[in-house]
Student: 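One structure coming up, written as structure tokens, with questions to follow.
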Amino acid sequence: MSEEPKTPDLVGLTRRQFEFADRADWDAILETYAPDAVWELRQGATFEGADAIRDLWVDYFSAYEEFGIETEEILDFGNGVILAVNEQKARLVGSASHIQTREAFLYTWERGVVVRVTMYTDIDEARTAAERLAESRG
């Protein structure tokens, strides 16, 4: 009796990535990234490859003495498209002030690994982009 290949739980894998990010465990996150993955920031900057993405995260997180991520929702749009909305609370190094942001991350998965992440500050725009991407990949 043959077993059918199991479809990876992309929502669960994405949730774990945010848990690892909250602990700054970059190696654990990058285990689920393609070596040539792409990370797009809301300002239009693009980072290509696991090393460049790791450098981005290390630089970003090093600016903060305190940093926490709270995931609001993770939605599976099908066809390897996942949308994660989270809130980040942080305190810059040397500052007493805290900052808070709410962002969406549009993940594109292929064969069980992340190939692209696009970051959005407009959650509705991110949802629309996720719907379109899932439909185009169908």
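These figures come from a predicted structure and were not determined experimentally.
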Student: Could you work out, with side-chain contact (heavy atoms from CB on, under 4.5 Å) as the rule, every residue matching Glu66, not counting sequence neighbours?
Tutor: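 Here the qualifying residues are Arg91, His98.
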
Student: Just jot down the side-chain contact (heavy atoms from CB on, under 4.5 Å) partners of Ala50, sequence neighbours excluded, or say none.
Tutor: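 Leu30.
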
Student: Starting from the C-alpha separation in whole Å, work towards a yes-or-no answer on side chain to side chain contact (heavy atoms under 4.5 Å, CB included) for Thr46 and Val38.
Tutor: CA-CA 7 Å; Thr46 301; Val38 175; 3.3 Å; yes

Student: Holding to side chain to side chain donor-acceptor pair (under 3.5 Å), I want the full list of residues that pass it with Thr32, two or more places apart in sequence or in another chain.
Tutor: Gln17

Student: Of all residues at least two apart in sequence or in a different chain, which pass the side chain to side chain donor-acceptor pair (under 3.5 Å) check with Asp124?
Tutor: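 Checked Asp124 against side chain to side chain donor-acceptor pair (under 3.5 Å); zero matches.
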
Student: Hey, are the side chains of Val114 and Thr108 touching, using non-hydrogen atoms and a 4.5 Å cut-off?
Tutor: no

Student: Let me confirm one number: the CD-CG distance from Glu103 to Leu41, rounded to the nearest 0.5 Å.
Tutor: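 Rounded to the nearest 0.5 Å, the CD-CG separation comes out at 9.5 Å.
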
Student: Of the non-hydrogen atoms in Val93 and Ser62, which two are nearest, and what is the gap between them?
Tutor: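 The answer is CG2-O, 3.6 Å.
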
Student: In a table with atom names and distances, give each donor-acceptor pair under 3.5 Å that connects a side chain of residues 74-83 to protein atoms at least two apart or in another chain.
Tutor:
from	atom 1	to	atom 2	distance (Å)
Asp76	OD1	Gly78	N	2.7
Asn79	ND2	Ala134	O	2.8

Student: Taking salt bridge (charged side-chain N to carboxylate O under 4.0 Å, His left out) as the definition, give me every residue that meets it alongside Asp36, ordered by chain and number, with sequence neighbours left out.
Tutor: none

Student: Any donor-acceptor pair under 3.5 Å linking the side chain of Thr71 with the backbone of Glu73?
Tutor: no

Student: Restricting to side-chain contact (heavy atoms from CB on, under 4.5 Å), what partner residues turn up for Ala28, sequence neighbours left out?
Tutor: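 Partners of Ala28 under the side-chain contact (heavy atoms from CB on, under 4.5 Å) test: Phe20, Asp25.
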
Student: Among pairs that include at least one residue of residues 128-138, which meet side-chain hydrogen bond (donor to acceptor under 3.5 Å, both in side chains), considering only residues two or more places apart or in two chains?
Tutor: Glu110-Arg137

Student: Should the heavy atoms of other residues, nucleotides or ligands under 6.0 Å from CZ of Arg111 be counted, would the total exceed 12?
Tutor: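 Not more than 12 within 6.0 Å, no.
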
Student: By side-chain contact (heavy atoms from CB on, under 4.5 Å), which residues pair with Ile123, not counting sequence neighbours?
Tutor: Val85, Arg102, Ala104, Arg127

Student: Taking side chain to side chain donor-acceptor pair (under 3.5 Å) as the definition, give me every residue that meets it alongside Glu48, ordered by chain and number, with sequence neighbours left out.
Tutor: none

Student: Report the residues that fulfil ring pair (Phe, Tyr, Trp, His ring centres under 6.0 Å) with Phe47, sequence neighbours left out, ordered by chain and then residue number.
Tutor: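 Phe47 satisfies ring pair (Phe, Tyr, Trp, His ring centres under 6.0 Å) with no other residue.
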
Student: Just do the side chain to side chain contact (heavy atoms under 4.5 Å, CB included) check on Val11 and Asp9 with the steps written out, would you?
Tutor: CA-CA 6 Å; Val11 169; Asp9 174 14; 3.8 Å; yes

Student: Can you tell me if CZ on Arg54 sees more than 12 non-hydrogen neighbours from other groups inside 6.0 Å?
Tutor: yes

Student: Do Val117 and Met119 make a side-chain contact, defined as non-hydrogen atoms from C-beta onward lying under 4.5 Å apart?
Tutor: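 No, their side chains stay 4.5 Å or more apart.
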
Student: Give me the atom names and distance for the closest heavy-atom approach of Leu10 to Thr14.
Tutor: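 What the structure gives for the nearest pair is O-OG1, 2.7 Å.
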
Student: Verify the cluster assignment for Trp39 and Tyr120: are they in a single hydrophobic cluster under the rule of side-chain heavy atoms below 4.5 Å apart?
Tutor: no

Student: Would Tyr107 end up clustered with Ile53 when hydrophobic side chains under 4.5 Å apart are linked, directly or stepwise?
Tutor: yes

Student: Under 4.5 Å between side-chain heavy atoms, hopping through other hydrophobics if needed: is there a path connecting Leu106 to Leu13?
Tutor: no

Student: As a quick check of understanding, evaluate ring pair (Phe, Tyr, Trp, His ring centres under 6.0 Å) for Phe105 and Phe18, giving each step before the final call.
Tutor: CA-CA 11 Å; Phe105 297 85; Phe18 283 106; 5.7 Å; yes

Student: Out of curiosity, Glu87 CD to Glu72 CD, how far, rounded to the nearest 0.5 Å?
Tutor: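 Here the rounded value is 6.0 Å.
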
Student: Is it true that Leu56 and Val115 fall in one hydrophobic cluster, defined by side-chain heavy atoms closer than 4.5 Å?
Tutor: no

Student: If you compare all heavy atoms of Tyr33 against all heavy atoms of Val113, which two are closest, and at what distance to 0.1 Å?
Tutor: C-CB, 4.1 Å

Student: Which residues satisfy the ring pair (Phe, Tyr, Trp, His ring centres under 6.0 Å) test with Phe67, sequence neighbours excluded?
Tutor: Tyr60, Phe61, Tyr64

